[in-house]
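See structure below.
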Amino acid sequence: MKRRQFVRLLGLAPGALAAPWDAAQARSKLLSHLLPGDPDDPPDGSRFIPATCTECPAGCGMLVEVREGRPIKLEGDPDCPLGRGGLCVRGQASLARLYHPERLRQPLERAADGELRPIAWEAALERVAAALGSAAGARDPGFYLAGQTTGALADLVDAFARAHGLQVLPGLELFHHGALRRAHEILFGRREVPTYALGGPDPADLLVTFGADLFESFLHPVRRAREFAEARERGLRWFHCEPGLSMTGCSADRRLALAAGGEPALLLHLLGEIAAGDGATLPAEVLASLPRMPLEEASRRTRLSGDALRELAGALRSARRPLLLCGGIATAMPGGGDAALLAGLLQCATGQIGSTVD
């Protein structure tokens, strides 16, 4: 017997002693990991497949570790320019939904009593096909609602919707950025979430955040933490405004604990202070349409002292390359749309559009 053949048989011996098995099953499950040359079944039993995280609109690249056809671990893709090999806590935890014990395992049908009961896949697909056929000639289109999709999958969804006369609704976001999209649509005609430049060759020298928890759930926390570290080494100063204590607020140089829902009043006051100075870039008709928010009224609505308001306004006026972010709890509460719109106007007034805001 040759030595190589003996080693192969030795690798099968523990399985043979543990329990009897079918010969064909043993060959497909065991020999494929012993014989070289099959890229889908490497010797260590796992391989990495590139993918895109869909937990938020950032779309970070990630690598999925797969063993025996099942994903077991998620990691950041080192070739992705956003995370550079890192993956935030939301991306890491997304794998838990795949194996959640209470996940939906089959189609459900709502009965006459309102309860959801499982039905077979064949019956569910027949019902969907019938519904699509009846809706093809209807005056009001049907709707397609799904989670975050990117790339080829998004193109496939769009093609499917066009073929069946469906309207694709925006993807469901757990931490949504709808207020930001609406504000940018009003200001610039583009319903998008912009890209923010905190670090880079010419990093921001002042960061002002309203509710945007940079290191937790606002857009891509991994990239933001790396950029923050780069900007901090070059003298970045950071003001964070929020109603409740957060990990992001604890990391700021100056945390301003304002009243819940007081963000629009604070932004309106800052906008009036900045726009009234020299070099104002907002059109005259826009400035004339803004209501006045004097210092005393802003202090009453935000519960911030006059000294804190003057300090924040002075920092914005003197900054060479400021970056103002508004999101998270500031845009999710009542008045969040106003806060997002005023934040966009303040970004325009301080020259951030095209500089630190793309």
Side-chain angles (χ1 to χ4, degrees), residues 180 183 187 194 196-198 203-214 228 231-232 234-243 246 248-249 251-331 333 335-357:
L180 289 177
L187 293 175
Y196 303 105
L198 178 59
D205 59 346
L206 175 67
L207 175 63
V208 181
T209 49
F210 290 82
D213 46 355
L214 303 185
F228 173 76
R232 175 70 88 183
R234 303 190 185 186
L236 175 71
R237 190 181 181 194
W238 181 12
F239 289 81
H240 183 68
C241 308
E242 62 178 358
S246 68
T248 300
S251 303
D253 297 312
R254 187 85 158 82
R255 178 181 174 271
L256 301 180
L258 74 163
E263 291 86 358
L266 178 55
L267 286 164
L268 187 59
H269 169 72
L270 294 174
L271 189 57
E273 292 292 313
I274 299 299
D278 297 334
T281 57
L282 292 180
E285 58 272 20
V286 174
L287 293 176
S289 66
L290 294 175
R292 288 181 51 80
M293 183 60 62
L295 181 67
E296 295 76 12
E297 181 66 14
S299 179
R300 185 185 66 83
R301 293 194 182 189
T302 62
R303 298 179 187 173
L304 296 176
S305 66
D307 292 339
L309 294 176
R310 282 188 285 266
E311 180 186 6
L312 182 55
L316 276 172
R317 276 194 297 263
S318 61
R320 179 187 61 85
R321 188 176 168 85
L323 174 60
L324 184 142
L325 299 176
C326 184
I329 188 65
T331 56
M333 299 179 64
D338 295 337
L341 187 62
L342 292 170
L345 288 174
L346 192 54
Q347 290 169 346
C348 292
T350 52
Q352 299 178 39
I353 305 302
S355 173
T356 52
V357 180

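Note that the structure is a prediction, hence the values are computed from the model and not measured. The first residue of the sequence shown is numbered 1, and numbering continues consecutively from there.
- Taking the side chain as every heavy atom from C-beta outward, Leu268 and Pro291 approach each other to under 4.5 Å.
- Atom CE of Met293 sits about 12.0 Å away from atom CD of Glu273, to the nearest 0.5 Å.
- Between atom CD1 of residue Ile329 and atom OG of residue Ser246 there is a gap of 10.5 Å, rounded to the nearest 0.5 Å.
- When side chains are defined from C-beta on, Cys241 counts as touching Leu312, because their heavy atoms get closer than 4.5 Å.
- Leu180 approaches Cys326 most closely through the heavy-atom pair CD2-O, 3.2 Å.
- For Ser355 against Ala197, the heavy-atom pair with the smallest separation is O-CB, 4.2 Å.
- Annotation: side chain of Leu316 is in contact with side chain of Leu346 (closest heavy-atom distance under 4.5 Å).
- Phe228 is linked by a ring pair (Phe, Tyr, Trp, His ring centres under 6.0 Å) to Phe215, Trp238, counting only residues two or more places apart in sequence or in another chain.
- Thr209 contributes atom OG1, which lies 9.0 Å from atom CG of Leu323 (distance to the nearest 0.5 angstrom).
- For the pair Asp253 and Leu207, the minimum side-chain heavy-atom distance is 4.5 Å or more.
- The closest side-chain heavy-atom distance from Arg301 to His269 is not below 4.5 Å.
- Salt bridge absent: Glu297 and Arg292 never bring a charged side-chain N and a carboxylate O closer than 4.0 Å.
- For Arg303, the salt bridge (Lys or Arg N to Asp or Glu O under 4.0 Å) test picks out no residue, with sequence neighbours left out.
- The backbone N or O of Leu324 lies less than 3.5 Å from a partner atom in the side chain of Gln352, making a donor-acceptor pair.
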Is there a side chain to side chain contact (heavy atoms under 4.5 Å, CB included) between Thr331 and Phe210? Walk through the geometry before answering. CA-CA 9 Å; Thr331 56; Phe210 290 82; over 6 Å; no
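- Without hydrogens or angle criteria, Asp205 side chain to Arg321 main chain gives a donor-acceptor distance under 3.5 Å.
- Atom CD1 in Ile274 sits 13.0 Å away from atom CD in Gln347 (nearest 0.5 Å).
- In terms of heavy-atom proximity, Leu214 sits nearest to Thr248 at N-OG1, 3.3 Å.
- Annotation: the span from Leu345 atom CG to Ser289 atom OG amounts to 8.0 Å, rounded to 0.5 Å.
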Donor-acceptor pairs under 3.5 angstrom involving side-chain atoms of residues 254-264: please list them, not counting sequence neighbours.
from   : atom 1 : to     : atom 2 : distance (Å)
Arg254 : NE     : Glu311 : OE1    : 3.1
Arg254 : NH2    : Glu311 : OE1    : 3.1
Arg255 : NE     : Glu242 : OE2    : 2.8

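- If you take CG on Leu325 and OH on Tyr196, they are separated by 6.0 Å, rounding to the nearest 0.5 Å.
- For Ala204 against Leu236, the heavy-atom pair with the smallest separation is O-CD1, 3.3 Å.
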